[in-house]
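Below is one structure, written out as structure tokens, with a few remarks after it.
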Amino acid sequence: MTRRAPRILTLPVLGALITATGFAGPAAADPLPQPVFVDGQAQVVPEFADQSTWIRERLWVETEFDSDGDGRRDRMHVDVTRPGPTADGLKVPVVYETSPYYAGTASTERQYFWNMNVEVGAEPPPRTSPPPITHRPDRTSVSTSEVGTWVPRGFAVVHSDSPGTGLSQGCPTVGGANESLAPKAVVDWLNGRAKGYTSAVGGEPVSATDWSTGKVGMTGTSYNGTLPLAAATTGVKGLEAIIPIAPNTSYYHYYRSNGLVRNPGGWPGEDIDYLFDYISSGYPETRDYCAQHVRVDEMNRHQDRATGDYNDFWAGRDLLNQVRGVRAATLMAHAFNDWNVVPEHSVRITEALKKQGTPVQQYFHQGGHGGAPPLDMRNRWFTRYLYGVRNGVENDPKAFIVRNETGTSELTPYADYPNPEAEPVTMNPLSGGGLSSLARPGSGTEQFVDAGALACNASTLATQESENRLLYVSPELSAPVHISGTTRVKIRLAASKPAANLSIALVKLPWTGGAGCESSTRGSTTSVITRGWADPQNSRSLRHGEPLEPGRFVELTVPLQPDDQVIPAGSRIGLMIFSTDHEFTLHPEPGTVLTVDLARTSVELPVVGGPLAMPICAEPDTGPTVVVGGIDSGVPNRSLTGTCTVNDHILDTEEWPNHGQFVRHVTEVADQLVKADVISPRDRADLVRAAARSKVGK
């Protein structure tokens, strides 16, 4: 049977018709109200906005799985709110949100979290679960979020409890397959492919095909933002668009970092088994079964708080491994200062979606956890993909970023994220605490001592002299620097013990925000630009860590969290290397000594404009022409970003191991200058010729 699509009216067209004819045509007998679109967005329609006419239903949708072991397919608790005219034959698309939180959550008292004061690599003492969540069988609805936004605009809104929570059957699995298949079943029900009933057991059939067009968009924040993506990985037909906000796309990346046990910001000691307890609000008669089979037999057996290694348990809860199934147009939203669900969760997924051709748009802001895109952006997305209105959203810029670092807040469009004009700039830490892209790598080794359980937060380490960190700081920026993408730190180090935390932060100085021992560095008002963590034991493999041999060096690359930030002129950029991060890592006994090899340690910073855009020339060379090792090339010594000039990038006063390396360096700089239209190809040849004639490196 072919479904009748709703007739689409736009106000400008309707107005033109009335003006041209003088009347709107013969009156129809009580025509159904229709959705209205202006500037590509669904508008509030009075007949849809009248809450007294809204239709509310509650039902249970049968899934294709039995996760609570009772021999019956689990049913999901669902509620529907739709415009009154859908009772008379109007069909509308659906905005759908599902969550494990709607029916309540468990205690967050610290006594129910894992003990953080343990050695890195050691088995921790057992954890105590919080008291059970009170079951609420009297609930008559799931949620009312999104209802006031979308029902007046001509959408139905659907909510559901996740498996094993509220009045949904099954077990909570925190990223298991049933969390993907449960919303899939609801989408199938909206398309007539799954069964709905008036009760959790037995009941009368309930259908949606008389009011649903079958087109569904999902949204939500945090855990609720994870589930739209999880549903989309199933490839379910009818799920046309999703707007995940701060989604957790990998529980390994949520509770671990590059082999290191790490907690989400603000929740020291939280792990996946605690999150199971936190959401387990389902039917009391199945809770013991779920706790044994999911939390004990699966999570506690495989989560591995001793090594932090990646394994098949974590791989099964990583949506990147299932992203090929996603066909739903995705508007991804995240904050660059989200230290709960860190921004890599969204960036890693959007990169994969772009590669496979799934429609993607990204919205970022500079705040903390959560933060939905503006309503007009979400409206355009759902209007385009649920109602099929050709509003051109697919031709909009691929990334929108809230810029407020150096002035008023402004939503700024970009061709993509990371910024296509960003190029890596290698900055080297130098003996004495310098950090520069205009200097050869430092030499020798430097040491620091892990403060362990006595560690203060990163704010104190960045603002006070301390033996508990190494800090390398650039000259003052003479112009703003725009960072866009993922900073990577290559480091060669040794430790005095078989295991140690490794924490790295890129900071902006002078420091703003609190600088006390307990001052949080999780928010957007601190000077942490970005940060990352890693286990040196996993330098070769994420799946198989190797105990460190005291004094033996290992090399690893640590990706810091993705960022897009403008660092203002007058600031300095600092690279801080430390061990225990009081806010995020385990707290071992203090005293581990870590040694860093400066010659094999560097920062790869994604800078818009590349190396020529780094304004860090403390003493700029302002001569009229470019002089290379005493050879005047005759090429004008043009100004670059800030106070820097071409001469500052030649580095002919540095110690080079041989002449060939120096000539190659000048050639690379000359190529960058030509690409940036600073010099001509003829100038390039003159620069390379002067480098070849010089005695630098000989």
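- In this structure, F400 and T412 have side chains that are not in contact, with every pair of non-hydrogen atoms separated by 4.5 Å or more.
- Between Y363 and Y417, the distance from one ring center to the other does not fall under 6.0 angstrom.
- A tilted orientation is assigned to the rings of Y255 and W314, their planes being inclined by 30° to 60°.
- For H665 and W656, the ring centers are positioned less than 6.0 Å apart.
- Sorted by first and then second residue, the salt bridge (charged side-chain N to carboxylate O under 4.0 Å, His left out) pairs with a member in residues 245-260 read R256-D271; sequence neighbours excluded.
- Ion pairing of D450 with K497 is absent here, as no side-chain N (NZ or NE/NH1/NH2) approaches a carboxylate O to less than 4.0 Å.
- For the pair S496 (side chain) and V593 (backbone), a donor-acceptor distance under 3.5 Å is present.
- The closest donor-acceptor contact from the side chain of S527 to the backbone of T512 lies under 3.5 Å.
- Aromatic rings from F584 and W533 are positioned such that their centres are separated by under 6.0 Å.
- A salt bridge does not link D563 to R531: none of the charged nitrogens lies less than 4.0 Å from a carboxylate oxygen.
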Ignoring hydrogens and angles, write down the donor-acceptor pairs under 3.5 Å from the side chains of residues 418-425, residues two or more places apart or on other chains.
unit_1	atom_1	unit_2	atom_2	d
N419	OD1	E421	N	2.9
E423	OE2	K675	NZ	2.8

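- Pairs engaging residues 610-631 under the salt bridge (charged side-chain N to carboxylate O under 4.0 Å, His left out) rule: none recorded [sequence neighbours left out].
- Between the side chains of N538 and Y310, no donor-acceptor pair is found at a separation under 3.5 Å.
- With sequence neighbours left out, R492 forms a side-chain hydrogen bond (donor to acceptor under 3.5 Å, both in side chains) with D597.
- Side-chain atoms of T625 and D632 include a donor-acceptor pair closer than 3.5 Å.
- Sequence neighbours left out, not one pair with a member in residues 467-491 passes salt bridge (charged side-chain N to carboxylate O under 4.0 Å, His left out).
- Here H582 and H587 bring their ring centres to under 6.0 angstrom of each other.
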Exercise. Under the salt bridge (charged side-chain N to carboxylate O under 4.0 Å, His left out) criterion, do D416 and K354 qualify, and how do the steps go?
Worked result: CA-CA 10 Å; D416 207 347; K354 286 187 286 187; 3.1 Å; yes

Exercise. For S579 and N501, what are the C-alpha separation, side-chain angles and deciding distance, and is it a side chain to side chain donor-acceptor pair (under 3.5 Å)?
Worked result: CA-CA 5 Å; S579 184; N501 292 315; 4.8 Å; no

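- Residues passing the ring-ring contact (aromatic ring centres under 6.0 Å, His included) test with F448, sequence neighbours excluded: none.
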